[in-house]
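Structure first, commentary second.
Hydrogens, waters and symmetry mates play no part in the numbers below; they use all other heavy atoms, side chains included.
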Amino acid sequence: MDSWLQILVLVACITPAVVQGRVRNYTFNVVMKNTTRLCSSKPIVTVNGMFPGPTLYAREDDTVLVRVSNRVKYNVTIHWHGIRQLRSGWADGPAYITQCPIQPGQSYVYNFTITGQRGTLLWHAHILWLRATLHGAIVILPKRGVPYPFPKPHKEVVVVLGEWWKSDTEAVIKQAIKSGLAPNVSDAHTINGHPGPISNCPSQGGFTLPVESGKRYMLRIVNAALNEELFFKIAGHQLTIVEVDATYVKPFKTDTIVIAPGQTTNALISADQSSGKYLVAASPFMDSPITVDNVTATATLHYSGTLAATSTTLTKTPPQNATAVANNFINSLRSLNSKIYPAKVPLTVDHNLLFTVGLGINPCPSCKAGNGSRVVASMNNVTFVMPTTALLQAHFFNISGVFTSDFPGNPPTTFNYTGSPPTNLRTTSGTKVYRLRYNSTVQLVLQDTGIIAPENHPIHLHGFNFFAVGKGLGNYNPKVDQKNFNLVDPVERNTIGVPSGGWVAIRFRADNPGTILVYRLFSFTLQSIL
């Protein structure tokens, strides 16, 4: 058998691993639902008519079967964001990568077993811009009899952060592709599907979180926004962070978290006030000259027995460019690294990779608004071309001509990545992959570039967790920066933000034969395959 871990699963990957656990069955009917937000209505794509969609509950070692029936006019796939998909690569969900889309009127059953994971993750559509409304939380409880490594909460509450466009989101992205320019930003942020009262629609209500004085609660916070990193805080209360991306961390207290698209954070909150109403706020974080939706979403933490007419205690949100606030949170994250939950950081490296992450400008004769050019995303100057045959299918059935194995492990041209951009901003295009040997160790440095503008980039690794061993501003210098890597208790994640004008280094072991899709979660999604 070929010893290389190629882009797709081996024969053994077809059937999920057999473990002891119950089978949980879910039915996801993808349907249109007329929904009113910001004092206007529009039909949106939903699961079971819900926005956000239903929370999927399971325990570690459970097998999950989700029957997705497509009853809308769009092709659909669902990605189980953060699930390792050990030996179940067919169920990962990215369209034309691990599966062909579910066509209108058709159904597909996702079948996967949750192995070695517990915590909060999310699911979302993985085609077009459907994930703007087609998303929800995944809650993985520990095995029965296994306690949390922190005080047990009185109650757990899922909090899904998102975005809302008054326009049809599919029309928004189609117009952007046609024009060659960036898509319009959203009109509001949401907390559990509701923006809360805003100036041009003060009458709309928001989400209410009821609490009882003296009780402890755990918030399972999910950023399902399409484009933006968000600050989250609650007036008059501290948050104790105990988990990110379904991995336990050393607990620490903060009044503000920052959370990128695709990331999750579990936070304990003590209802330590006697009564009252307190503002919950989600506001954007962007420390680059990039246009974002600057509308703060609001909700209310409401103590039992407090009258509805009671005034709400407010909080001041961080400035949009509050890099110091964001870094304070990010730098506080450390793996729990206990005997039960060790941090298995690779100490040696077999593949040492550097991927530049940024933008480029390619010719587009039909893009009149872009003066004959189109803004594109790239990694190592390669803009990913979505195939029409799923890569997993192409590999399994030995279909040639779908992809090539020549994705560069380092930038083809070296330049001052965070300084003045090169004269030629064109990228190459292709469906390219990089091969990894099974069980090899990988260090991947993700480097932002200043082409067009520096920007933070949320990056997600399908099928794997990784350790964030280092980060910094400017250009990565292996001779200097690697000396400062944290190889003892770095935070373990599946999604990470590459800082504006900087870099982040991650390490992982390639122990999951199958598709490893590395992609940016912002609107101009870029993809590279390992």
Side-chain angles (χ1 to χ4, degrees), residues 119-120 137 139 148-162 189-198 205-225 229-244 248-260 263-285 295-320 322 324-334:
T120 306
V139 172
Y148 292 130
F150 48 80
K152 183 180 179 180
H154 166 70
K155 186 178 181 180
E156 302 179 8
V157 181
V158 171
V159 178
V160 179
L161 310 179
H189 296 105
T190 59
I191 300 175
N192 279 349
H194 297 276
I198 60 175
F207 171 70
T208 297
L209 172 59
V211 298
E212 296 181 34
S213 182
K215 298 291 181 66
R216 180 188 299 112
Y217 297 82
M218 183 163 73
L219 306 183
R220 295 180 177 269
I221 306 166
V222 175
N223 187 351
E229 297 190 74
L230 296 170
F231 290 117
F232 179 88
K233 65 184 304 185
I234 299 176
H237 292 76
Q238 289 274 303
L239 300 169
T240 300
I241 310 305
V242 294
E243 176 206 304
V244 296
Y248 296 133
V249 298
K250 291 181 173 68
F252 67 94
K253 290 187 177 182
T254 182
D255 66 352
T256 306
I257 75 169
V258 65
I259 184 167
Q263 290 183 338
T264 64
T265 301
N266 282 9
L268 299 178
I269 178 171
S270 294
D272 52 10
Q273 306 295 320
S274 59
S275 63
K277 293 162 59 180
Y278 296 83
L279 190 74
V280 182
S283 60
F285 166 54
V295 178
T296 297
T298 59
T300 304
L301 185 143
H302 190 128
Y303 276 79
S304 175
T306 300
L307 297 177
T310 302
S311 60
T312 301
T313 300
L314 304 181
T315 186
K316 185 177 181 180
T317 59
Q320 180 179 301
V325 176
N327 282 339
N328 182 62
F329 177 82
I330 294 168
N331 294 338
S332 298
L333 294 170
R334 292 286 188 272

ask   = Can you check whether I234 reaches T315 side chain to side chain, under 4.5 Å on heavy atoms?
value = no

Please check this pair: side chain of N192 against backbone of V160, looking for a donor-acceptor N/O pair closer than 3.5 Å. yes

For F231 and T256 the tightest heavy-atom approach is CD2-CG2, 3.8 Å

In this structure, OG1 of T306 is separated from OH of Y278 (nearest 0.5 Å) by 8.0 Å

ask   = Are the ring centres of Y148 and Y248 closer than 6.0 Å?
value = no

Nearest heavy-atom contact between A225 and L230 is CB-CD1, 4.5 Å

Whether the side chain of T312 engages the backbone of L314 through a donor-acceptor N/O pair (distance < 3.5 Å, no angle test) should be reported. no

**Study point:** Residue pair L161, I191: steps toward the side chain to side chain contact (heavy atoms under 4.5 Å, CB included) verdict
**Key:** CA-CA 5 Å; L161 310 179; I191 300 175; 3.9 Å; yes

Review point. Should V258 and V325 be marked as a side chain to side chain contact (heavy atoms under 4.5 Å, CB included) after you check the CA-CA gap, both sets of side-chain angles, and the distance that decides it?
Key: CA-CA 8 Å; V258 65; V325 176; over 6 Å; no

To the nearest 0.5 Å, atom NE2 of H189 lies from atom CG of N223 at 8.5 Å

Practice prompt. Answer yes or no: is there a side-chain heavy-atom contact under 4.5 Å between K155 and K215?
Written response: no

Distance col, row T300:OG1 vs L279:CG, nearest 0.5 angstrom, shows 6.5 Å

Distance col, row N266:CG vs L239:CG, nearest 0.5 angstrom, shows 11.5 Å

In short, V211 meets L301 closest at the heavy-atom pair CG2-CD2, 3.6 Å

Between the side chain of E243 and the main-chain N/O of T120, is any donor-acceptor distance below 3.5 Å?
yes

Interatomic distance, CD1@I257 vs CG@D255, rounded to 0.5 Å, equals 11.0 Å

Spell out, as yes or no, whether a donor-acceptor pair under 3.5 Å connects the side chain of K233 to the backbone of S283.
no

Worksheet entry | Any side-chain heavy-atom pair of M218 and V242 under 4.5 Å | yes

Between the CD1 atom in I259 and the CZ atom in F329, the distance rounded to the nearest 0.5 Å is 7.5 Å

query = Distance-only, no hydrogens or angles: does the H237 side chain make a donor-acceptor pair with backbone N or O of A271 under 3.5 Å?
reply = no

| field | Between F232 and F285, ring centroids under 6.0 Å | value | no

Flag side-chain contact, heavy atom, 4.5 Å: S332 against T254: no

Check your understanding: Got a donor-acceptor contact below 3.5 angstrom from the K277 side chain to the T310 backbone?
Key -> yes

Residues at least two apart in sequence or cross-chain that pass side chain to side chain donor-acceptor pair (under 3.5 Å) with N327, listed by chain then number, are K471

Subject >> Note, L219 side chain near L209 side chain (heavy atom, < 4.5 Å) >> reply: yes

Worksheet entry | Side-chain donor/acceptor of T265 to backbone N/O of V244, under 3.5 Å | no

